[in-house]
Student: 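One structure, as C-alpha cells, below. Some questions next.
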Amino acid sequence: MDKELLNEVEESMEIFYALVMESYDDYSKSRDYGNGQFMPMAEIHTLSLIAENGGILVSDVAKMWNRTLSAASQNVNKLVKKGLVKKVKEPGNNKAVHLYATEKGCELSKMHREYDDKSMSKVASVLLQRHTIDELRTAVSVLKTGLDLYENGGF
C-alpha cells in the first residue's frame, strides 16, 4: 500500500477522533431544553427513548444505548426522582418494571425533540453550504464503515 496515501488517511482519522472527543465533551454538558431545567444529554435522551417507547424495561434502555444495566438504572432513577418517568410493575411479575414518561416527562421530551430538530437543521444547513450532497453521502459512507469496524471488532 502507498505509504503517502496511508499517512494521509491516518491524518484524516486524527480529525475524526478530534470530532469524536468534541462530541463526547458536548454530550456530558447539561442544557436547558426549554423548561428552565438543565439536564445532561444522557438523561434527556433516555427520557426521550422512554417517552417514544412507553412500557420498555431498563434492560431495553441499556441495550438500545449500549450501556450496562447499572448505568441505565442510575439514569432512569434520576429521571424518576425528577418526576419525569414512572415505574410500573408488571402484574404477577415483580421483576418486570415497565417505564413510562409522566406528563411532565412527555412535555420535556417534546421540547428536546424540537431543540434537536432545530440544532440538526442548523448543522445540515452549514454542511450543505460548505459541501455538495455527494461529498456528504461519501462522508456518511466512510463513517458507516468506521462504525462497522468498531461494532464488529475490526481493529
Side-chain angles (χ1 to χ4, degrees), residues 11-90 93-131 135-155:
E11 286 174 17
S12 297
M13 289 173 61
E14 290 298 323
I15 294 169
F16 173 72
Y17 289 132
L19 175 62
V20 168
M21 293 309 297
E22 286 292 328
S23 296
Y24 180 78
D25 289 345
D26 192 52
Y27 192 76
S28 63
K29 291 179 184 172
S30 291
R31 288 187 171 71
D32 176 359
Y33 292 96
N35 69 347
Q37 180 180 4
F38 282 78
M39 192 171 214
M41 263 202 220
E43 286 181 33
I44 194 72
H45 282 255
T46 301
L47 173 61
S48 291
L49 180 68
I50 293 166
E52 293 167 6
N53 300 279
I56 65 173
L57 306 171
V58 174
S59 59
D60 298 326
V61 172
K63 285 178 195 168
M64 290 174 165
W65 284 109
N66 196 26
R67 299 287 180 257
T68 64
L69 188 57
S70 175
S73 292
Q74 288 175 21
N75 246 349
V76 167
N77 288 334
K78 288 176 186 176
L79 295 170
V80 170
K81 285 181 185 176
K82 292 178 180 180
L84 301 170
V85 169
K86 63 182 174 183
K87 295 179 176 183
V88 178
K89 290 185 179 178
E90 187 175 303
N93 182 354
N94 285 338
K95 288 189 175 191
V97 179
H98 297 271
L99 306 171
Y100 297 91
T102 62
E103 185 177 330
K104 181 179 168 185
C106 286
E107 289 172 15
L108 183 55
S109 178
K110 183 180 177 206
M111 286 185 234
H112 165 247
R113 180 67 50 221
E114 291 168 359
Y115 178 96
D116 270 4
D117 288 348
K118 286 178 189 174
S119 296
M120 294 298 269
S121 184
K122 287 178 186 176
V123 170
S125 179
V126 170
L127 289 172
L128 286 169
Q129 288 171 10
R130 296 183 185 181
H131 302 280
E135 288 173 325
L136 295 174
R137 287 178 180 142
T138 298
V140 169
S141 177
V142 170
L143 291 172
K144 284 180 179 179
T145 299
L147 185 58
D148 182 57
L149 288 170
Y150 272 105
E151 290 177 344
N152 295 306
F155 292 113

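All figures in this text were calculated on a predicted structure; none of them were measured in a lab.
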Student: Heavy atoms, side chains only, cut-off 4.5 Å: are Arg67 and Asn75 in contact?
Tutor: no

Student: Looking at every non-hydrogen atom in both residues, tell me the closest pair between Thr68 and Ala71 and how far apart they are.
Tutor: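 That closest heavy-atom pairing would be OG1-N, 3.0 Å.
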
Student: Report yes or no: does Asp148 contribute a side-chain atom to a donor-acceptor pair with the main-chain N or O of Glu151 at less than 3.5 Å?
Tutor: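 Checking the backbone N and O of Glu151 against the side chain of Asp148, no donor-acceptor pair under 3.5 Å is found.
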
Student: At what distance, to the nearest 0.5 angstrom, does NZ of Lys122 lie from CG of Asp117?
Tutor: 12.0 Å

Student: Are Met41 and Tyr33 close enough that some pair of their side-chain heavy atoms sits under 4.5 Å apart?
Tutor: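 They are in contact (side-chain heavy atoms under 4.5 Å apart), so the answer is yes.
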
Student: Report yes if some heavy atom in the side chain of Leu136 is under 4.5 Å from a heavy atom in the side chain of Leu128; otherwise report no.
Tutor: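 Leu136 reaches Leu128 side chain to side chain.
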
Student: How close do Val88 and Tyr100 get, counting heavy atoms only, and between which atoms?
Tutor: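 Heavy-atom minimum between the residues: CG2-CD1, 3.8 Å.
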
Student: Do the non-hydrogen side-chain atoms of Leu143 and Phe16 ever get within less than 4.5 Å of each other?
Tutor: yes

Student: Taking atom CG of Asn66 as the centre, report whether more than 12 heavy atoms of other residues, nucleotides or ligands fall under 6.0 Å from it.
Tutor: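 No, CG of Asn66 has 12 or fewer neighbouring heavy atoms, counting only those of other groups under 6.0 Å.
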
Student: Could you give the distance from OG (Ser73) to NZ (Lys78), rounded to the nearest 0.5 Å?
Tutor: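 Nearest 0.5 Å value for the OG-NZ distance: 12.0 Å.
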
Student: Can a donor-acceptor pair be found, under 3.5 Å and without considering hydrogens, that links the side chain of Asp60 to the backbone of Leu57?
Tutor: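 A pair under 3.5 Å: yes.
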
Student: What distance separates Ile44 CD1 from Leu49 CG, expressed to the nearest 0.5 Å?
Tutor: 12.0 Å

Student: To the nearest 0.5 Å, what is the distance between NZ on Lys86 and NE2 on His98?
Tutor: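 Between atom NZ of Lys86 and atom NE2 of His98 there are 13.0 Å.
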
Student: Would Val58 and Val97 count as a side chain to side chain contact (heavy atoms under 4.5 Å, CB included) if you check the C-alpha gap in whole Å, the side-chain angles of each, and the deciding distance to 0.1 Å?
Tutor: CA-CA 8 Å; Val58 174; Val97 179; over 6 Å; no

Student: Between Met39 and Leu84, is a side chain to side chain contact (heavy atoms under 4.5 Å, CB included) present by the stated rule, with each step listed?
Tutor: CA-CA 12 Å; Met39 192 171 214; Leu84 301 170; 3.2 Å; yes

Student: Is any side-chain heavy atom of Ser141 less than 4.5 Å from a side-chain heavy atom of Arg137?
Tutor: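 Side chain of Ser141 against side chain of Arg137, heavy atoms only: no contact under 4.5 Å found.
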
Student: Are any non-hydrogen side-chain atoms of Lys87 and Leu99 less than 4.5 angstrom apart?
Tutor: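 In contact.
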
Student: Say whether, by atom type as modelled, one donor and one acceptor occur between the side chain of Thr102 and the main chain of Gly83 under 3.5 angstrom.
Tutor: yes

Student: Students often mix this up, so state it plainly: with edges at 30° and 60°, are the rings of His45 and His112 parallel, tilted or perpendicular?
Tutor: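 Ring orientation, 0 to 90° scale: perpendicular.
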
Student: For residues 103-111, dump all side-chain donor-acceptor pairs below 3.5 Å to protein atoms at least two apart in sequence or in another chain.
Tutor:
unit_1, atom_1, unit_2, atom_2, d
Lys104, NZ, Lys82, O, 3.2
Ser109, OG, Ser48, OG, 3.2

Student: Rounded to the nearest 0.5 Å, how far apart are NZ of Lys81 and CG of Leu79?
Tutor: 11.5 Å

Student: Spell out, as yes or no, whether a donor-acceptor pair under 3.5 Å connects the side chain of Asp26 to the backbone of Glu22.
Tutor: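 Flag not set: sc Asp26 to bb Glu22 has no pair under 3.5 Å.
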
Student: Any sub-3.5 Å donor-acceptor pair from Ser23's side-chain atoms to Leu19's backbone N or O?
Tutor: yes

